[in-house]
Amino acid sequence: MVCVPEYGAMIPRSYKTALKKAVRGEGIYLFDEDGKAYIDGCSGALLSSVGHGNKEIADAIYKQLTSLEFAHPSRWYNEATMEAAKEVASFAPEGLNYVWLVSGGSEAIESALKLARQYFIERDGESSSKYVMIARWNSYHGSTIGTMGLAGSMARRRTFYPLYQDYPKISSHYCYRCPYGLSYPSCDIRCAHSLEHEIRRIGAQYVAAFVAEPIVGSTVGGLHPPKEYWPIIREICSKYDVLLIADEIMTGIGRTGANFCLNHWNVIPDMICSAKALSGGYSPVGALIAKDEIVEILKQGSGAFQHGHTYNANPATAAAVTATLRLIQREKLVENARIQGDRFSKKLESLYNIPIVGEVRGMGLMRGVEIVADQKTREAFPSSVNAAGVATGECLKQGLVVYPGRGQIDGVEGDQFLVAPPLIVTENEIDEIVVRLEKGLRAASEKLLSGL
Ligand SMILES: Cc1ncc(COP(=O)(O)O)c(C=O)c1O
């Protein structure tokens, strides 16, 4: 029987889970109401990249709030948003110079879907048939009705299935459990080529965009593709006049050791959705970054994006974005993510000595661990055991917060978690994270293999 706190009028994420009360944060640490310190080993949900309690960012937001807190974006524009957009565009790859600022990742994805559709209407006329968005199984793009039809994490979408329009999906590059039963490199990256089959099957005249995460986040923690994957995807999208929308909501803003993750493969998408670390967690944020040509078509056409939320382009968020990006650049945090990420990767190899560790994967400071009942056969624990919950619970006892996920094998089976400390993490802190992780996983292993 779990003893849950009294939540009063607030609806918590769960009435059945005993959430801890967070009281304060400092650097890579969060403190509960008893003063116990926890390493925020997953940066919240990969957003607290510049660490907790940063006064420079808080001051920048305060300064903005006391000069202009709000002016509705349908009648006003403001300097703070212009400045933030310029910072974001200079962080993005060449040719993506336009930024639409919103309040969250789901809003950024919804904005991208609408802009993609509107772009083809503006470019080809009202009769444009391009409206289908292709996505991937084992993905997550948000919690709104629109983004749930796009994403493929079955566990999260099943309840709401009747509510949304379901988009077609291809399999992801899950090499550890290849959906085609093949192995790299003799597979010839069939998962990437399957996009071409899907486009042809539907008819390219109907397909507007392909949406995917460069490295999978919460649904298959840290799942990174073979090096050929993204260049092949880019080529297919260009060949069939399909927009490539990169969901960099978790992977962007330095997380993997590059400004945006697709930079690792020199792939330039047509749109990038960013959020989370874009404001370091100091303000709700999302951003759609669009290729020049898309916005030029809009400018020359109707001249207005048929979309908008009250808090779109709000000055307080903009101030947080500008302050965060400047801090990231000044403190060379993208470089730190690469350097500490390499150290992390080497140290994490030791986890394979723990019998329940199936695969350790990822890039930079975005790493995932897949938990298995048997390292040789890769068999998962039965879902009733909640192995991810046991593992993350044991890590928490060690004072380390990680980000669990389940159901990646078939929507029901499979356990994994993400470890992704803030980008400010030091060498010593990386070592400490690995020590705590090992202790937590060893305890979980003993529990799980002895039948709990
Ligand atoms: C890859 C990805 N896309 C979209 C989202 C949705 O972002 P938000 O929760 O800010 O709406 C998330 C959130 O975790 C995410 O990880």
Side-chain angles (χ1 to χ4, degrees), residues 25-28 40 43-70 77-105 108 248-263 272-290 311-341 364-366 420-426 429:
E26 193 182 321
I28 68 162
D40 187 359
S43 308
L46 287 81
L47 69 153
S48 302
S49 287
V50 296
H52 299 281
N54 187 296
K55 294 216 166 16
E56 180 180 329
I57 299 175
D59 285 346
I61 300 170
Y62 180 76
K63 199 167 157 218
Q64 183 58 49
L65 285 173
T66 47
S67 59
L68 176 71
E69 88 295 350
F70 185 82
Y77 74 99
N78 63 76
E79 191 56 37
T81 301
M82 301 259 294
E83 213 178 353
K86 194 170 160 203
E87 288 291 340
V88 175
S90 71
F91 207 78
E94 216 174 297
L96 279 86
N97 286 308
Y98 290 98
V99 179
W100 174 262
L101 215 57
V102 289
S103 314
E248 295 247 19
I249 286 164
M250 273 202 173
T251 53
I253 318 299
R255 172 53 55 192
T256 67
N259 283 9
F260 285 99
C261 188
L262 282 188
N263 297 10
I272 297 174
C273 294
S274 182
K276 295 191 187 279
L278 188 54
S279 70
Y282 289 80
S283 176
V285 71
L288 166 60
I289 313 166
Y311 283 108
N312 148 231
N314 95 80
T317 292
V321 168
T322 302
T324 304
L325 288 180
R326 286 185 183 160
L327 189 142
I328 285 174
Q329 310 221 34
R330 192 187 67 227
E331 303 293 326
K332 298 191 172 22
L333 294 185
V334 181
E335 201 181 329
N336 193 52
R338 187 174 48 73
I339 295 167
Q340 301 307 336
L365 286 173
M366 182 171 178
L423 307 192
I424 54 165
V425 74
T426 63
E429 287 168 342

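Proximity of Ile28 to Ile424: side-chain heavy atoms (C-beta onward) are separated by under 4.5 Å at one or more points. Side-chain contact between Leu333 and Ile328 is present, with heavy atoms from C-beta onward closer than 4.5 Å. Arg255 has its side chain out of reach of Met250: every pair of non-hydrogen atoms, C-beta onward, lies at least 4.5 Å apart. Between Thr251 and Met366 there is a side-chain heavy-atom pair separated by less than 4.5 Å. Side chains of Asp59 and Glu56 form no contact here, defined as non-hydrogen atoms less than 4.5 Å apart. Using a 4.5 Å cut-off on side-chain heavy atoms (C-beta onward), Val321 and Thr81 make no contact. Counting heavy atoms from C-beta on, the side chains of Gln340 and Glu429 never come closer than 4.5 Å. Side-chain atoms of Trp100 and Ile289, non-hydrogen and from C-beta on, never get closer than 4.5 Å to each other.
Separating the CG atom in Asn78 from the CD atom in Gln64 is a distance of 6.5 Å, to the nearest 0.5 Å. Atom OG in Ser49 sits 12.0 Å away from atom CG in Asn54 (nearest 0.5 Å). Rounding to the nearest 0.5 Å gives a distance of 9.5 Å between CD1 of Ile253 and OG1 of Thr324. For the atom pair Ile339 CD1 and Thr426 OG1, the distance stands at 12.5 Å (nearest 0.5 Å). Note: Ser90 OG to Leu96 CG = 12.5 Å, rounded to the nearest 0.5 Å. In this structure, CG in Leu278 is found 5.5 Å from CG in Leu325, a value given to the nearest 0.5 Å.
Nearest heavy atom pair, residue Val285 against residue Ser279, reads CG1-OG, 3.3 Å. Nearest heavy atom pair, residue Phe260 against residue Ala92, reads CE1-CA, 3.7 Å. What you find for Pro315 and Ala80 is that their closest heavy atoms are O-CB, 3.8 Å. The heavy-atom pair separating Gly254 from Ala337 by the smallest distance is O-CB, 3.3 Å. The shortest heavy-atom contact between Val102 and Ala108 is CG2-N, 3.7 Å. For the residue pair Leu101 and Ala84, the shortest heavy atom distance occurs at CD2-CB, 4.4 Å.
Remark: side-chain polar atoms of Asn97 are not paired, donor with acceptor, to backbone N or O of Ala89 under 3.5 angstrom.
Remark: Tyr62 OH is loosely packed, at most 12 non-hydrogen atoms of other residues, nucleotides or ligands lying under 6.0 Å away. Within a 6.0 Å radius of CD in Glu26, other residues, nucleotides and ligands contribute 12 heavy atoms or fewer.
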Could you walk me through whether Phe91 and Val334 pass the side chain to side chain contact (heavy atoms under 4.5 Å, CB included) check? CA-CA 11 Å; Phe91 207 78; Val334 181; 4.0 Å; yes
Chi angles and distances behind the side chain to side chain contact (heavy atoms under 4.5 Å, CB included) call for Thr317, Tyr311: CA-CA 9 Å; Thr317 292; Tyr311 283 108; over 6 Å; no
